[in-house]
> 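Below is the structure I would like to discuss, written out as structure tokens.
Note that the numbering runs from 1 along the sequence shown for the chain. Keep in mind the model is a prediction, meaning the values are calculated, not measured.
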Amino acid sequence: MIVDRSDPDMPVIRVGGDLAYTTASPLRSEIDRELQAGPATLVLDFANLQFIDSTGLSIIVHTWREGLRDGVTLRLCAVPRFLETILDMTGVTGLLARSTSGDAPLDPEPDEQPTVTA
């Protein structure tokens with residue numbers, strides 16, 4: 001995991017390798033630390049992700065939920081096809097696409113990755 005804080009209003013956490021039960025704790029801690037700083041947007045970059053299990057999926061949902069509470073937009077980028085499929089099959093894509101009121105989806109970003117305004 002690498003954190004790019006070059007833009008304090010939009011830190012980028014690059015997630016690589018396996019995101020699973022045995023590796024998820026440091027990522028969750030880092031996400032919580034970044035959310036406490038109160039950025040406008042938090043980006044999770046999955047360009048180097050190789051594998052994700054249900055624990056990794058729960059971290060994405062946790063980030064969305066905590067961001068919603070704290071007024072932070074969550075943006076996923078470079079989502080590999082296998083993760084896109086998992087997000088769709090589990091309904092997380094729909095969750096991430098909901099606006100704050102929960103009634104209207106947001107327009108996708110140019111790279112068509114789910115974005116949440118919280």
> Grouping I, L, V, M, F, W and Y whenever their side-chain heavy atoms are under 4.5 Å apart, do L95 and L35 come out in a common cluster?
yes

> What's the separation between atom CD in E66 and atom CZ in R28, rounded to the nearest 0.5 Å?
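Reported value, rounded in 0.5 Å steps: 7.0 Å.
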
> Linking I/L/V/M/F/W/Y whenever their side-chain heavy atoms sit closer than 4.5 Å, directly or via other members, would V12 and I31 fall into one cluster?
no

> Test of understanding: clusters of I, L, V, M, F, W, Y form through side-chain heavy atoms closer than 4.5 Å, transitively. Do L96 and V43 belong to the same one?
no

> Output the distance between atom CD1 (I59) and atom OG (S25), rounded to the nearest 0.5 Å.
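I59 CD1 to S25 OG: 7.5 Å, rounded to 0.5 Å.
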
> Kindly indicate, with the supporting measurements, whether the criterion side chain to side chain contact (heavy atoms under 4.5 Å, CB included) is fulfilled by L57 and L87.
CA-CA 8 Å; L57 187 62; L87 294 172; 3.6 Å; yes

> How close do P11 and P39 get, counting heavy atoms only, and between which atoms?
CD-CB, 3.4 Å

> Looking at residues at least two apart in the chain, or sitting in another chain, which of them share a side-chain hydrogen bond (donor to acceptor under 3.5 Å, both in side chains) with E30?
R5, R33

> Given V15, which of L49, I52, I60 fulfils the side-chain contact (heavy atoms from CB on, under 4.5 Å) condition?
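Among the candidates, only L49 passes.
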
> If you take all heavy atoms of F51 and F82, which pair is closest and at what distance?
N-CZ, 3.8 Å

> Please determine whether residues V3 and L74 belong to a single hydrophobic cluster, defined as Ile, Leu, Val, Met, Phe, Trp and Tyr linked transitively by side-chain heavy-atom distances below 4.5 Å.
yes

> Just one of T63, D45, L27 clears the side-chain contact (heavy atoms from CB on, under 4.5 Å) bar with I13, so which one?
L27

> I'd like to know if the side chain of D70 and the backbone of V72 have a donor-acceptor N/O pair within less than 3.5 Å.
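Judged by distance alone, no pair lies under 3.5 Å.
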
> Give the intermediate values and the outcome of side chain to side chain contact (heavy atoms under 4.5 Å, CB included) for residues H62 and D32.
CA-CA 9 Å; H62 165 79; D32 289 343; 2.7 Å; yes

> Is there a side chain to side chain contact (heavy atoms under 4.5 Å, CB included) between R14 and N48? Walk through the geometry before answering.
CA-CA 8 Å; R14 297 184 198 321; N48 295 314; 5.8 Å; no

> Using every non-hydrogen atom in the two residues, find where R75 and T41 come nearest and quote the distance to one decimal.
CB-CG2, 4.2 Å

> When clusters are formed by joining ILVMFWY residues with side-chain heavy atoms under 4.5 Å apart, either directly or through shared neighbours, do L19 and Y21 land in the same one?
no

> For D88, give me all partners under side-chain hydrogen bond (donor to acceptor under 3.5 Å, both in side chains), at least two apart in sequence or on another chain.
T93

